[in-house]
Amino acid sequence: MKLLFLCASVEPGRDGVGDYTRRVATECAARNHEAAIVALNDEHSAGASDENDDGVRILRLSRDLSWKERISRTIARVTDVGPDWTSWQFVPYGYHPKGLSQPALLDLASALGRARGHIMFHELWNDLAIGESTRLKLIGWMQRRGILKFLKHLAPVLVHTSNEAYAAVLTRENYHARVLPLFGNVPIAAAPSPVCRAKTLSFLPAPQPLEDRGGDPFFIGVTFGTLHPQWKSEATAAWMRKTAAELGRQPALLISGRAGANAVIVKTVFSNAGIATVETGEQDANTISTILQGADIGIVSSPWALVGKSGAASAMRDHGLPVVVPRDDWRLQKGPISGPPRDSLLARLADLATPEATLRWLALRQAPRSRLSPVVDDFLGQLEKAR
C-alpha cells in the first residue's frame, strides 16, 4: 500500500503526535509499504522543506507559510505519491492555539482525491466531562462544530482513537470509532538491568541509614512528561511512603521530561512526605529509557478513563513498569463508559489499598517490549480489510 500521513508537526522530541507519526510511517516503510508524511503546521521548520527519514519522505510546511500555499503544496505531494490511504493523525491544538478549526483544512479534506481517508483522533474537543468550566464549555462547543464539519468533508472510511471514552463520543456523533492502542514513543535502550538501575540511582541523593534487608535501598517511582494540575498528589505520596516502608526501603521520586508548572507543587508534596524527590528535566531518549527501566513503578497524572491516550503511560508499559493511576475523577457526560483495556500493569491507586494488593501488582513487572509492531500490525490489517 501507499500511505500518506498528515499531522501538524514532526519535530523529533517536541511533538508527541509527530513522534508517533514518524514511528508508524517508518514501521510501515520497513514492511515495504510506501510511506510519506506531510506536516501541515510545523512551527519548528522554515518555509517548505523535504526530508527523508528511514525511507519515509517528509514534507514539512512552516506555519509561516500562507494556508493557501500549504494546501497547494500538500495537494501536489498527494498527486505525486498517489496514496491508497491518507491517514490524518489529528489533535485540534496542532492547528490553532485554542484548538479551533482552520477553514483551510476543510478545503484540503475535500481535495484529497481518490485516496481512502483514515483519521486517528489523539484528542477530541473540550467539554466532554462533567463539571467543566464555562470557558471550556464555550471553547469545546466551537471545537466540536469545527471537527464535525471537518469530518463531514473528509468522509473517512476508518476512524480510530486511543481510548474508549473518545470512541463513545464519536459513536454518538455517528462515526463508528475503533480503539487503536498507543505504543510508547521512547525507544527501549539495550542496557542490562543493573546498568539501568545504577543510572537511575545516580540521580538520587545518598540513602539514609536503614535496616538492611538486602538489596537496593530505594523504592523509586518515576513520572514522565506533563503533570496535570488536576492530580492532587498527597494520597499518592502517602501510599508510596507506606509501600516503601513495607518493603524496607526509602521512597524516592524522579520527575522526568517536560513536567510543566505543576511539577513545583508535586515536588513539594512528595518532599514534605519525606520522599527524596528529584526533577531530572529533559533528557535524551536513551537516558529516559534507562530511567524507566531502572525505576520500580511509573506514576501518571492522566485520569483512569483517559489513560489510553497517555503517551507517558504507554512508554512506561513498553518498558515493563507497573503504572499507578491516582486519578479517577473524570466522568464523561451523557452516560458511563467502560474503562481502559485490561492491562495487568495498570492499576488505580484505589485498587492498591492493601499491602497484599500492592505486592501482587508489583510482582507483575515485565521485561521491556515495544508494542510498536503489534499496533502497526493491527493498523495495517484494518486498512487492508477496509480497502
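None of these values were measured; they are calculated from a predicted model.
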- Answer yes if the side chains of Gln382 and His118 hold a donor-acceptor pair under 3.5 Å, and no otherwise. no
- Message: Can you confirm whether more than 12 heavy atoms, excluding those of Arg241, are under 6.0 Å from its CZ atom?
- Response: no
Pair up each side-chain donor or acceptor in residues 225-238 with any protein partner under 3.5 Å, not counting sequence neighbours, and list the distances.
residue: Trp231; atom: NE1; partner: Thr236; partner atom: OG1; Å: 3.1

- For Arg31, which residues count as a side-chain hydrogen bond (donor to acceptor under 3.5 Å, both in side chains) partner, sequence neighbours excluded? Glu27, Ser373, Asp377
- Task: Name all residues meeting the side-chain hydrogen bond (donor to acceptor under 3.5 Å, both in side chains) criterion together with Thr26; count only those two or more places apart in sequence or in a different chain, and write none if there are none.
- Result: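 Expected list: none.
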- Does the Asp328 side chain pair with the main chain of Trp304, one donor and one acceptor, at a distance under 3.5 Å?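 No, because the side chain of Asp328 does not come within donor-acceptor range (under 3.5 Å) of the backbone of Trp304.
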- Message: I'd like to know if the side chain of Asp42 and the backbone of Val10 have a donor-acceptor N/O pair within less than 3.5 Å.
- Response: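 Flag set: sc Asp42 to bb Val10 pair under 3.5 Å.
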- Query: Only one of Trp125, Phe121, Tyr20 forms a ring-ring contact (aromatic ring centres under 6.0 Å, His included) with Phe90, so which one is it?
  - Reply: Phe121
- Item | Single-linkage hydrophobic cluster, 4.5 Å side-chain cutoff, Leu106 and Leu112 together |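 Yes: a chain of side-chain contacts under 4.5 Å links Leu106 to Leu112.
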- Note on the structure: Checking Arg77, Arg57, Arg60 against Asp50 for side-chain hydrogen bond (donor to acceptor under 3.5 Å, both in side chains), the one that qualifies is Arg77
- Query: Can you list every ring pair (Phe, Tyr, Trp, His ring centres under 6.0 Å) pair that touches residues 26-78, not counting sequence neighbours?
  - Reply: none
Can you give me every donor-acceptor pair (side chain of residues 146-159, partner residue at least two apart or in another chain, under 3.5 Å) with its distance?
residue: His153; atom: ND1; partner: Lys149; partner atom: O; Å: 3.0

Check: residues 285-293 side-chain donor-acceptor pairs under 3.5 Å, at least two apart:
residue: Thr287; atom: OG1; partner: Asp284; partner atom: OD1; Å: 3.2
residue: Thr287; atom: OG1; partner: Asp284; partner atom: OD2; Å: 3.0
residue: Ser289; atom: OG; partner: Pro187; partner atom: O; Å: 3.4
residue: Ser289; atom: OG; partner: Ala189; partner atom: N; Å: 2.7
residue: Ser289; atom: OG; partner: Gln293; partner atom: NE2; Å: 3.1
residue: Ser289; atom: OG; partner: His319; partner atom: NE2; Å: 2.8
residue: Thr290; atom: OG1; partner: Asn286; partner atom: O; Å: 2.8
residue: Gln293; atom: NE2; partner: Ala189; partner atom: O; Å: 2.9

